[in-house]
K.L.:
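Take a look at the following structure, please.
Numbering starts at 1 and runs along the sequence shown.
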Amino acid sequence: MDSNRAKKIMESNGVIEVLYQGSPVWIENVLDNNTVQVSNIQTNDKKDVPAYMLVEKDLPHNI
């Protein structure tokens, strides 16, 4: 994923599943062109990760 897509997901009204290393995460903030702050949905741990390591599980048709 790139940072522009991460920002669109973050601003979306819908729920879009995003994975980081196989775990579901919530995008908290896009820090710059390469880094995104996420929180793990299961553990609530926050971390800054490279945007390219985020995977959108299902691509929606209307975003």
Side-chain angles (χ1 to χ4, degrees):
M1 170 180 309
D2 63 33
S3 60
N4 289 329
R5 181 64 186 145
K7 189 171 184 174
K8 285 183 182 180
I9 290 172
M10 185 180 73
E11 294 170 348
S12 169
N13 290 331
V15 176
I16 300 169
E17 190 169 3
V18 176
L19 304 175
Y20 171 69
Q21 294 183 334
S23 296
V25 294
W26 189 258
I27 298 173
E28 298 285 342
N29 198 7
V30 177
L31 303 174
D32 60 35
N33 286 336
N34 301 312
T35 309
V36 177
Q37 183 183 57
V38 299
S39 60
N40 185 300
I41 291 175
Q42 298 167 335
T43 65
N44 210 29
D45 290 337
K46 290 185 181 182
K47 62 173 60 177
D48 299 345
V49 300
Y52 74 87
M53 292 188 72
L54 297 177
V55 176
E56 186 174 356
K57 190 167 182 190
D58 296 313
L59 293 174
H61 297 291
N62 58 359
I63 295 182

K.L.:
For residues 46-55, tabulate all N or O donor-acceptor pairs below 3.5 Å that involve a side-chain atom, not counting sequence neighbours.
P.N.:
none

K.L.:
What pairs with Q42 under side chain to side chain contact (heavy atoms under 4.5 Å, CB included), at least two apart in sequence or on another chain?
P.N.:
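So Q42 forms a side chain to side chain contact (heavy atoms under 4.5 Å, CB included) with P24, N40.
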
K.L.:
Return the set of residues passing side chain to side chain contact (heavy atoms under 4.5 Å, CB included) with D32 (not counting sequence neighbours), or none when no residue passes.
P.N.:
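Side chain to side chain contact (heavy atoms under 4.5 Å, CB included) list for D32, sorted by chain: N34, T35.
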
K.L.:
Restricting to non-hydrogen atoms, name the atom on I27 and the atom on A6 that form the minimum distance, rounded to 0.1 Å.
P.N.:
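So the minimum-distance heavy-atom pair works out to CD1-O, 3.8 Å.
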
K.L.:
So which atom in Y20 and which in V25 form the shortest heavy-atom distance, rounded to 0.1 Å?
P.N.:
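Shortest heavy-atom separation between Y20 and V25 comes out as CB-CG1, 3.8 Å.
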
K.L.:
Taking only residues two or more places apart in sequence, or in another chain, which ones meet N4 in a side chain to side chain contact (heavy atoms under 4.5 Å, CB included)?
P.N.:
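Partners of N4 by the side chain to side chain contact (heavy atoms under 4.5 Å, CB included) criterion, ordered by chain and then number, come out as D2.
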
K.L.:
Looking at R5 and E56, what are the two nearest heavy atoms and their distance?
P.N.:
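Shortest heavy-atom separation between R5 and E56 comes out as NH2-OE2, 2.7 Å.
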
K.L.:
Where do K57 and L19 come nearest, in terms of heavy atoms and distance?
P.N.:
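Closest pair (atom of K57, atom of L19, distance): CD-CD1, 4.4 Å.
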
K.L.:
Look up atom CE in M10 and atom CD1 in I16, then write down how far apart they are to the nearest 0.5 Å.
P.N.:
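Going from the CE atom of M10 to the CD1 atom of I16 covers 12.0 Å.
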
K.L.:
For residues V18 and M1, determine if any side-chain heavy atom of one lies less than 4.5 Å from a side-chain heavy atom of the other.
P.N.:
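Yes, their side chains come closer than 4.5 Å.
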
